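Structure first, then comments.
Here, residue 1 is the first one in the sequence, and each next residue gets the next number. It should be emphasised that the depicted structure is a prediction, and the values quoted were computed from it without experimental measurement. Whatever order the structure lists ligands and atoms in, that order sets their numbers, starting from 1. Excluded from the calculations below are hydrogen atoms, water molecules and symmetry mates; all remaining heavy atoms, backbone and side chain alike, are included.
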Amino acid sequence: MRTETISAKDLVGVYQAGSHHMVGDGFPVRNMIPGAGVEEQLSPFLMLDYMGPEEFSPTTRRLGVGEHPHRGFETVTIMYHGKVAHRDSTGSGGVIGPGDVQWMTAASGVVHEELHEKEFAEKGGLLEGVQLWVNLPKAFKMTAPRYQTLVDAEIPAVELEKGAGRVRVIAGEFRAVKGPAKTFSPVHLYDVRLTAGHRTELRLPEGFNSALFVLHGQVTVNGSHVVGEVELAVLGQKGERVSLEAKQDSTILVLSGEPIAEPIARYGPFVMNTRDEIIQAVQDYQAGKMGHLS
Ligand code: MN
């Protein structure tokens, strides 16, 4: 009889926030990706900002980020607390609240604003979320923009064994349950809640770049490495298995994607393949070709 062994992924590093800064006047963020050396290991993921958690006082001011462009990638906003309103130059927009995800494909270019939702701002309260940037393969960088609102109720949750917690599947697949997000390259994105004292095992494809971002709590990865609150654990491409044991009730964002092996030229809100394409993006934005907010 032949037994097949599935090897564990190595934990290649644990990273703390690289910087704390404000995005516009409404989003205090801790930047987890890029970090020193993390970027190259995490294609197709370009950036991860952790917004808050922060308590906002009631205000009638519109806090957030005003009109700004993006081209060449996707912005994925995952809300845990509070509400954010979005509006873009294609006429799309909407409000996302706790448990909701906005998956915006900027592709050939959008201009948008991201603000605290009006009623949330007037009432005040806790804001907590993640914004993740996912690169697009060269073939899709100049396709039409697309906007996916994935509300809490349409994101399937897989209950883990023995009351260990649950895995909400935003994109890709977990134990044959598929997430609703449409992606341009293979990506698995899970919102994992693990109860203190429990463990579980995830399977993430060999060859994919993967990371675990612990928003809350503390987990032991593969029986030996402790990853704490607001830390990013980067896993190796080899192997398929990763075990998690919660030392405290934990909230973990799991990202895993097939690397996009193409050159990156990056300037602010534009992520293309060459410097010429970046210059073109700046010119197109300035010429109004990415549109305006009405
Ligand atoms: Mn934006």
Side-chain angles (χ1 to χ4, degrees), residues 18-34 39 44-52 54 56 61-80 82-97 100-118 120-121 127-136 140-150 170-171 181-184 187 189 253 255 264-272 277-278 281-282 284-286 288-294:
S19 73
H20 297 223
H21 60 272
M22 284 299 285
V23 175
D25 60 6
F27 303 109
V29 304
R30 283 176 276 185
N31 181 236
M32 307 306 299
I33 304 173
E39 217 175 345
F45 308 108
L46 295 163
M47 196 209 70
L48 193 158
D49 270 349
Y50 180 36
M51 311 185 278
E54 188 156 307
F56 283 82
R61 289 177 55 213
R62 301 308 310 276
L63 300 175
V65 206
E67 191 167 329
H68 64 279
H70 293 289
R71 173 180 279 181
F73 63 100
E74 301 181 290
T75 68
V76 179
T77 309
I78 302 158
M79 292 308 293
Y80 294 88
K83 285 185 179 178
V84 169
H86 159 273
R87 211 158 60 89
D88 74 32
S89 51
T90 71
S92 292
V95 173
I96 53 166
D100 301 340
V101 175
Q102 174 205 295
W103 198 295
M104 187 189 79
T105 305
S108 62
V110 298
V111 169
H112 75 161
E113 64 178 17
E114 296 157 279
L115 302 173
H116 293 202
E117 187 265 338
K118 197 166 176 289
F120 166 73
L127 185 87
E128 183 182 26
V130 164
Q131 190 168 90
L132 175 70
W133 289 9
V134 182
N135 203 3
L136 286 170
F140 299 107
K141 281 185 179 291
M142 291 301 284
T143 56
R146 182 169 81 185
Y147 180 84
Q148 301 174 70
T149 303
L150 313 170
I170 300 166
K182 296 186 190 78
T183 65
F184 287 86
V187 169
L189 185 63
L253 186 68
L255 17 154
I264 290 178
R266 181 171 181 158
Y267 177 73
F270 308 124
V271 183
M272 303 301 290
E277 289 166 349
I278 290 291
V282 173
D284 287 352
Y285 170 57
Q286 287 170 349
K289 291 182 181 168
M290 295 181 192
H292 293 285
L293 293 180
S294 49

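Summary: OE1 is the N/O/S atom of E114 found nearest to the Mn ion (ligand 1). The N, O or S atom of H68 with the smallest distance to the Mn ion (ligand 1) is NE2. Nearest N, O or S atom of H70 to the Mn ion (ligand 1): atom NE2. Taking the N/O/S atoms of H112 in turn, the shortest distance to the Mn ion (ligand 1) belongs to NE2.
Between the side chains of W133 and E74, not a single donor N or O lies within less than 3.5 Å of an accepting N or O. No hydrogens or angles considered: nothing links the side chains of Q131 and Y50 as a donor-acceptor pair under 3.5 Å.
H116 and F27 have tilted rings, their planes meeting at an angle from 30° to 60° on a 0 to 90° scale.
Between the side chain of R146 and the main chain of K182, a donor-acceptor pair closer than 3.5 Å is present.
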